[in-house]
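Working notes for the structure below.
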Amino acid sequence: MSAPPPPSNLFYQTRLRRPLLARGEGVYLWDSQGKRYLDGSSGAMVSNIGHSNPAVLGAMRRQMELSTFGYRLHFENEPAERLAAEIAGRMPEGLDRVFFVSGGSEAVESCLKLARQYALAQGEGQRWKVISRFPSYHGSTLGALAVTGMSLMSAPFAPMLREMPKIPAPTCYLDRDGLDPEQRGLRYARMLREEILAQGPETVLAFIMEPVGGASTGALVAPDSYYGEIRAICDEFGILLICDEVMSGAGRTGRYLASEHWSLKPDIVALSKGFGAGYMPLGAMVADRRIAEAVIDAGGFIHGHTYAGNPLACAAGLAVHGEIDRLGLIAAAERQGDALKARLEALMQRFPFIGDVRGKGLLLAFELVADRHTMEPLPVGLNAHLRLVDIAYEAGLIIYSRRTRGGRIGDHFLVCPPLIVSDDQIDEIMQKLTASLETFATEAKLPFGARA
């Protein structure tokens, strides 16, 4: 019998096929054969309030009876106006201008373009460089790729990009320099100052970063000293601070914005993923009013997407935020995140190849290494970032992995269940994850201890 033809749907990235999704409810998903999976990564850190929430589905049905589309240049719509006001009320003082998009890459592109148009409105057309970090991930569109620090993703498109300058991400857990955490945080932050001076301060437009790292760095958290110093450096040179909260925002870290943990006020914020929680493609750029108004006064924001402010998407987003509040999910993210992180840290006693556990709230990750003292990564040939995910998937647990160090070496795994996760479901995550680590260690001939 000949092999089945390859899929025609380019949604599939490889020849590997996954089961057909049948339905989702709460923290669980079922395939068409009836097998149940615990969504231990909320998809790609999207499904913050869980699957098939009745209140959100009801709000969407009601909106579908009214209108599903109205072009933003022809009509305003009530869901978009209400959601904009809702989000502005959750932002730091002054960040109250909201521009809706369909996803994270669009949100980041919008931030970059608004920053550039603000510079032009200020008579500073020489400012165009956006400094970012390596490694980092800010999206797959060409503008977002230019500030993404992951050569594996950007290299094929290099001739089409204007590469932007990078500074090292604050991977302090890898350092063996004798500095304390506060000193390390300042050292990494001051790399921004050095890069600004090297580029020419008059040419630098903005600095973009994830306050808590996402897929590229595996829930990386800098020392506390890093954040205030970054803000001070941006202020020193008149540079805009863009916080990419696509993954960390909407309550996942135990605050609505992850930057709130350090009282860090950005100039522009990118939101998506948990912002719409997977019910509709939805994201937003939120900007300081001084920036937005300067651009509008100079002729308007030369940017837009067909589905920006879509009434159905905004109705879903408004209902998602209602559920975040009704269920107390921001506080739950902090509480359950602390519990889950402690359980992940306890795994380090049994599995010496777990080199680090990190994150905030329910944005958590662990990294596998060959040597915990030197943090040497596992051999690339083990393909740990793929194999452990597959083992867990077979056991009915979905986790999310990436190569840790620039996308080419290292292995980290994000464990980020929906914010509704219960104590019993955390037990289930840990049981399946522990068994998966045992299977992987046995296959890879890595040492691990006996169960307590």
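For this chain, numbers begin at 1 and follow the sequence in order. Hydrogens, waters and symmetry mates play no part in the numbers below; they use all other heavy atoms, side chains included.
Note that CG of Leu446 is 5.5 Å distant from CZ of Phe353, once rounded to the nearest 0.5 Å.
Geometric assessment of Arg358 against the ring of Tyr173 yields a positive cation-pi assignment under the 6.0 Å and 45° thresholds. Relative to the ring axis of Phe100, Arg72 does not place its NZ or CZ within 45° and under 6.0 Å from the centre. Judged by the 6.0 Å distance and 45° axis criteria, Arg162 is positioned over the aromatic ring of Trp128.
A distance-only check finds a donor-acceptor pair linking the side chain of Asp39 to the backbone of Gly43 [under 3.5 Å]. Side-chain N or O atoms of Asn383 include none that pairs as donor or acceptor with a backbone N or O of Leu386 at under 3.5 Å.
Not counting sequence neighbours, the partners of Arg184 by the salt bridge (Lys or Arg N to Asp or Glu O under 4.0 Å) test are Asp177. By the side chain to side chain contact (heavy atoms under 4.5 Å, CB included) test, Ile296 pairs with no residue at all, sequence neighbours left out. By the salt bridge (Lys or Arg N to Asp or Glu O under 4.0 Å) test, Asp411 pairs with Arg403, sequence neighbours left out.
When Ile242, Leu145, Thr148, Val130 are each tested for a side-chain contact (heavy atoms from CB on, under 4.5 Å) with His138, only one passes: Thr148. The side-chain contact (heavy atoms from CB on, under 4.5 Å) with Leu257 is formed by just one residue from the set Val286, Leu271, Leu95; it is Leu271.
For Thr141 and Glu109, the side-chain atoms include at least one donor-acceptor pair closer than 3.5 Å. Judged by distance alone, the side chains of His303 and Ser110 do bring a donor and an acceptor atom under 3.5 Å apart. No side-chain donor from either of His51 and Tyr279 sits under 3.5 Å from a side-chain acceptor of the other. No hydrogens or angles considered: a donor-acceptor pair under 3.5 Å links the side chains of Tyr188 and Asp175. In summary, the side chains of Ser248 and Glu210 do not present any donor paired with an acceptor at a separation below 3.5 Å, with no hydrogens or angles considered.
Between Ala107 and Ala270, the closest heavy-atom pair is CB-CB, 3.9 Å. Annotation for Leu264 and Cys243: closest pair CD2-SG, 4.2 Å, computed over non-hydrogen atoms. Heavy-atom minimum distance, Leu312 versus Gln63: CA-CG, 3.9 Å. Closest approach of Leu378 to Ala384, counting heavy atoms only: CD1-CB, 3.9 Å.
A salt bridge does not link Glu334 to Arg252: none of the charged side-chain nitrogens sits closer than 4.0 Å to a carboxylate oxygen. Classification of Asp96 and Arg90 as a salt-bridged pair fails, no side-chain N sitting under 4.0 Å from a carboxylate O. Under 4.0 Å is where a charged nitrogen must lie from a carboxylate oxygen, and between Glu293 and Arg97 at least one such pair does. Between Arg18 and Asp390 there is a salt bridge, since at least one side-chain N of the basic residue sits less than 4.0 Å from a carboxylate O of the acidic one. A salt bridge between Arg127 and Glu202 is absent, with no side-chain N of the basic residue lying under 4.0 Å from a carboxylate O of the acidic one. Comment: Arg372 does not engage Asp356 in a salt bridge, judged by the lack of any side-chain N to carboxylate O separation of less than 4.0 angstrom.
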Report the C-alpha separation of Ser151 and Arg408 in whole Å, then their side-chain angles, then the decisive distance to 0.1 Å, and conclude whether the side chain to side chain contact (heavy atoms under 4.5 Å, CB included) test is met. CA-CA 9 Å; Ser151 56; Arg408 297 187 182 278; 3.5 Å; yes
Can you list the steps and then say if Arg231 with Asp267 is a side chain to side chain contact (heavy atoms under 4.5 Å, CB included)? CA-CA 10 Å; Arg231 179 71 267 182; Asp267 298 296; 3.1 Å; yes
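Ring to ring, His385 and Tyr400 are not that close: their centroids are 6.0 angstrom or more apart. Remark: aromatic rings of His261 and Tyr227 are distant, center separation not under 6.0 Å.
By the 30° and 60° cut-offs, the orientation of the rings of Phe99 relative to Phe301 is perpendicular.
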